[in-house]
Amino acid sequence: MNELSNKPLARIPDFTKDDTKSGGKAHYGQIVARFQEEDCSKLENLVHLIDTIDQMSPEIYEHYRSLQDLFREHIQRLLESIRRPDGSYQAGTDLELEQLTYCIEKACADHTLLREKYQNLRIIR
């Protein structure tokens, strides 16, 4: 159990930002461990994960890459679970549609996902 174990995932991106800027990136290992112990198959948690990746320095490659791999694994599973026979993806609610779109756009922007592969996804409600 690390000092981040009780911190809500919604607070981890800001914690990461602070650790990157003023903490010398000392907690990156704990940040990775925090996400590894969570259920990142939940879309809300994927939002927090991609926001955290955005605040993390890629200079600490091992930890940065661990979070990217975790995100890729779970976004792939999620997309497979909502794929329709016509090739589109069915979000359950407007919030899920918004969160999924946000995750994919942000992940493409920070090169966690390849833009060419994900830019033309048809996600519907």
Checklist line | salt_bridge(Asp54, Lys17) N-O dist < 4.0 Å | finding: no
Item checked: All ring-ring contact (aromatic ring centres under 6.0 Å, His included) counterparts of Tyr89, not counting sequence neighbours -> none
Note to self: Has Thr16 got a side-chain atom pairing as donor or acceptor with Ile12's backbone, closer than 3.5 angstrom?
What the structure shows: yes
Next item on the list: Look up atom CD1 in Ile124 and atom OG in Ser88, then write down how far apart they are to the nearest 0.5 Å.
Entry: 4.0 Å
Next item on the list: Please assess Glu44 against Leu9 for the test side-chain contact (heavy atoms from CB on, under 4.5 Å), listing each intermediate value before the final yes or no.
Entry: CA-CA 9 Å; Glu44 180 180 357; Leu9 282 187; over 6 Å; no
Item checked: Shortest non-hydrogen contact from Arg83 toward Gly87 -> NH2-CA, 3.7 Å
Item checked: Contacts of type side chain to side chain donor-acceptor pair (under 3.5 Å), residue Arg11, not counting sequence neighbours -> none
Could you tabulate the donor-acceptor pairs under 3.5 Å formed by side-chain atoms of residues 22-29, not counting sequence neighbours?
unit_1, atom_1, unit_2, atom_2, d
Ser22, OG, Asp18, O, 3.0
His27, ND1, Asp19, OD1, 2.9
Tyr28, OH, Thr20, OG1, 2.5
Tyr28, OH, Ser57, N, 2.8

Check: Would you say the side chain of Leu46 lies within less than 4.5 Å of the side chain of Leu100, judging by non-hydrogen atoms?
Finding: no
Notebook entry, point to check: Heavy atoms, side chains only, cut-off 4.5 Å: are Glu37 and Ser5 in contact?
Noted result: yes
Item checked: Minimum heavy-atom distance Thr101-Ile123, with the two atoms named -> OG1-CD1, 4.4 Å
Item checked: Candidate pair Gln119 and Leu114, rule side-chain contact (heavy atoms from CB on, under 4.5 Å), full reasoning -> CA-CA 8 Å; Gln119 68 187 357; Leu114 292 173; over 6 Å; no
Next item on the list: Side-chain contact test, heavy atoms from C-beta onward, threshold under 4.5 Å: evaluate it for Met56 versus Ile60 and give yes or no.
Entry: no
Check: Which heavy atom in Tyr64 sits nearest to a heavy atom in Asp110, and how many Å separate them?
Finding: OH-O, 3.8 Å
Item checked: Separation of Leu67 CG from Ile50 CD1 (nearest 0.5 Å) -> 9.0 Å
Checklist line | Closest heavy-atom pair and its distance - Gln36, Leu70 | finding: N-CD2, 4.1 Å
Next item on the list: Search all heavy atoms of Leu49 against all heavy atoms of Cys40 and return the closest pair with its distance.
Entry: CD2-SG, 4.4 Å
Next item on the list: Tell me, please, which residues at least two apart from His48 pass ring-ring contact (aromatic ring centres under 6.0 Å, His included).
Entry: none
Margin query: Could you measure the distance from the OG atom of Ser66 to the CZ atom of Phe35? Nearest 0.5 Å is fine.
Written below: 12.5 Å
Check: Distance-only, no hydrogens or angles: does the Ser81 side chain make a donor-acceptor pair with backbone N or O of Leu78 under 3.5 Å?
Finding: yes
Check: Hey, is the main chain of Lys7 close enough, under 3.5 Å, to the side chain of Arg34 for a donor-acceptor pair?
Finding: yes
Check: At what distance, to the nearest 0.5 angstrom, does CD of Gln68 lie from NE2 of His63?
Finding: 13.5 Å
Notebook entry, point to check: What closest approach, in Å, do Glu96 and Leu43 show between heavy atoms, and which atom pair accounts for it?
Noted result: O-CD2, 3.3 Å
Notebook entry, point to check: Are Leu121 and Leu97 connected in the hydrophobic side-chain network, where two residues link if heavy atoms are under 4.5 Å apart?
Noted result: yes
Note to self: Among residues at least two apart in sequence or on other chains, which ones pass side chain to side chain donor-acceptor pair (under 3.5 Å) with Asn120?
What the structure shows: none
Item checked: ring-ring contact (aromatic ring centres under 6.0 Å, His included) contacts in which one or both residues fall within residues 98-125, not counting sequence neighbours -> none
Check: Judged by atom type as modelled, is there a donor-acceptor pair below 3.5 Å linking the side chain of Asn45 to the main-chain atoms of Asp39?
Finding: yes
Check: Are the charged groups of Asp69 and Arg72 less than 4.0 angstrom apart, N to O?
Finding: yes
